[in-house]
Amino acid sequence: MNTHRCPDMEEFKEILHKLSLKATPQRLAVHQAMMELGHASADMVTEAVKAKGTAKVTLASVYNILTQMAMLKVYDYRLSANNKMYFDVNTFKHIHLYDQENHLFKDVIDDDLVTLIESYLKRKRVRGYKIESIDIQLVGRPTKKKYLA
């Protein structure tokens with residue numbers, strides 16, 4: 001199995017089964033939208049599901065599904081600078097790039113950098129704390145390329 005991808009629909013159904021959850025049309029539609037969006041807020045997922053017409057959902061039901069999946073570690077979540085919750089379908093180790101202008105998250109897949117940072121930080125001690133995980137987030141703005149004529 002490729003460790004740099006989210007669970008496909010069959011794997012998602014297996015995960016639900018192992019968690020004793022039904023593969024409802026709403027859960028499946030939310031996961032389909034998350035596979036396409038990658039990082040998304042509940043309103044973005046709701047909009048995507050409604051546009052496809054695959055299941056009847058409300059913003060509240062989508063938020064509840066996303067939150068449940070995050071609590072069960074099926075998805076991850078991040079809070080943006082504008083205090084909006086974004087869910088992440090990719091739970092493998094990776095770096096996030098947060099676009100502070102558009103309030104969007106993008107994945108940066110760089111195993112070497114993640115390994116380098118983790119090995120460096122494992123040798124460091126933070127007095128009074130046991131570090132349980134490392135979450136790397138880069139913050140930036142899109143560049144505006146100007147082409148010379």
Side-chain angles (χ1 to χ4, degrees), residues 1-122 129-145 147:
M1 182 170 128
N2 181 353
T3 58
H4 289 105
R5 67 172 180 79
C6 69
D8 65 23
M9 196 56 76
E10 289 308 310
E11 291 166 331
F12 182 69
K13 288 177 185 177
E14 287 176 30
I15 291 167
L16 292 176
H17 180 72
K18 286 178 184 173
L19 294 169
S20 300
L21 295 173
K22 291 183 181 177
T24 63
Q26 292 79 13
R27 284 187 180 120
L28 298 178
V30 165
H31 187 66
Q32 182 64 46
M34 285 299 295
M35 287 191 309
E36 293 166 10
L37 296 168
H39 301 87
S41 62
D43 54 333
M44 293 166 69
V45 173
T46 302
E47 191 176 297
V49 171
K50 286 183 176 181
K52 282 210 171 180
T54 53
K56 290 190 177 193
V57 295
T58 64
L59 178 60
S61 67
V62 169
Y63 184 79
N64 288 340
I65 290 168
L66 292 169
T67 301
Q68 180 185 42
M69 294 299 109
M71 289 174 59
L72 294 169
K73 306 279 190 228
V74 176
Y75 298 157
D76 202 353
Y77 61 93
R78 311 192 70 70
L79 189 62
S80 69
N82 64 346
N83 288 325
K84 194 172 211 177
M85 187 67 67
Y86 284 79
F87 295 87
D88 186 357
V89 73
N90 294 321
T91 57
F92 56 83
K93 287 183 184 180
H94 61 285
I95 298 169
H96 285 101
L97 172 63
Y98 177 66
D99 174 345
Q100 62 184 355
E101 195 170 292
N102 298 298
H103 302 290
L104 298 171
F105 290 94
K106 296 179 189 243
D107 288 337
V108 176
I109 309 301
D110 188 332
D111 292 337
D112 293 336
L113 180 58
V114 169
T115 301
L116 180 72
I117 292 169
E118 284 182 335
S119 65
Y120 175 80
L121 292 175
K122 281 180 184 174
Y129 289 91
K130 178 183 180 223
I131 303 302
E132 295 179 354
S133 67
I134 298 168
D135 183 10
I136 304 165
Q137 178 170 299
L138 308 173
V139 179
R141 294 189 188 300
T143 57
K144 310 260 191 293
K145 292 186 177 182
Y147 296 97

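Note that the coordinates shown come from a computational prediction; the quantities given were computed from them, not determined experimentally. FYI, the numbering just counts along the sequence from 1.
The minimum heavy-atom distance between Met35 and Pro7, with the atom names listed, is SD-O, 3.5 Å. In this structure, Thr91 and Asp76 approach most closely via the heavy-atom pair CG2-N, 3.9 Å. In plain terms, the two heavy atoms of Val49 and Ala29 that are nearest each other are CG2-O, 3.6 Å. Here the shortest heavy-atom pairing between Pro25 and Ala55 reads O-CB, 3.6 Å. Considering all non-hydrogen atoms of both residues, Leu28 and Ala23 come closest at CD1-O, 3.7 Å.
Listed for the Glu118 side chain is no donor-acceptor partner under 3.5 Å among the backbone atoms of Thr115. The main-chain N or O of Lys22 is found under 3.5 Å from a side-chain atom of Arg27 such that the two form a donor-acceptor pair. A donor-acceptor pair under 3.5 Å links the side-chain atoms of Thr46 to the main chain of Ala42, judged by distance alone.
Counting only N and O atoms by type, the side chains of His39 and Asp107 include a donor and acceptor under 3.5 Å apart.
Rounded to the nearest 0.5 angstrom, His94 NE2 and Asp135 CG are separated by 8.5 Å. The distance from the CG atom of Asp112 to the CD1 atom of Ile117 is 11.0 Å, given to the nearest 0.5 Å. Remark: Leu116 CG to Asp111 CG distance equals 12.5 Å, nearest 0.5 Å. The line from CD of Gln32 to CG of Leu37 is 10.0 Å long, rounded to the nearest 0.5 Å. With rounding to the nearest 0.5 Å, the separation of CG in Asp99 from CZ in Arg141 is 8.5 Å. Rounding to the nearest 0.5 Å gives a distance of 9.5 Å between CG of Asp110 and CD1 of Ile136.
Residues Met34 and Met69 fail the side-chain proximity criterion, which asks for heavy atoms closer than 4.5 Å. Residues Ile134 and Lys122 have side chains not in contact (no heavy-atom distance under 4.5 Å, counting atoms from C-beta outward). Between Gln68 and Leu21, the closest side-chain pair of non-hydrogen atoms falls below 4.5 Å. In this structure, Val45 and Val57 have side chains that are not in contact, with every pair of non-hydrogen atoms separated by 4.5 Å or more. Using a 4.5 Å heavy-atom threshold, the side chains of Lys84 and Met44 count as separate. Leu121 has its side chain out of reach of Ile131: every pair of non-hydrogen atoms, C-beta onward, lies at least 4.5 Å apart. Two residues are said to be in side-chain contact when any heavy atoms from C-beta on lie closer than 4.5 Å; Ile65 and Gln26 meet this criterion.
Results of the side chain to side chain contact (heavy atoms under 4.5 Å, CB included) test with His96 over Asp88, Asn90, Val139 single out Asp88 as the only residue that passes.
A salt bridge is defined here as a Lys NZ or Arg NE, NH1 or NH2 lying under 4.0 Å from an Asp or Glu carboxylate O, and Lys50 with Glu47 fails to meet this definition.
Residue pairs meeting the ring pair (Phe, Tyr, Trp, His ring centres under 6.0 Å) criterion with at least one partner in residues 62-91, sequence neighbours excluded, are His31-Tyr75, Tyr86-Phe105.
Heavy atoms of other residues, nucleotides or ligands lying less than 6.0 angstrom from NE2 of His103 number more than 12.
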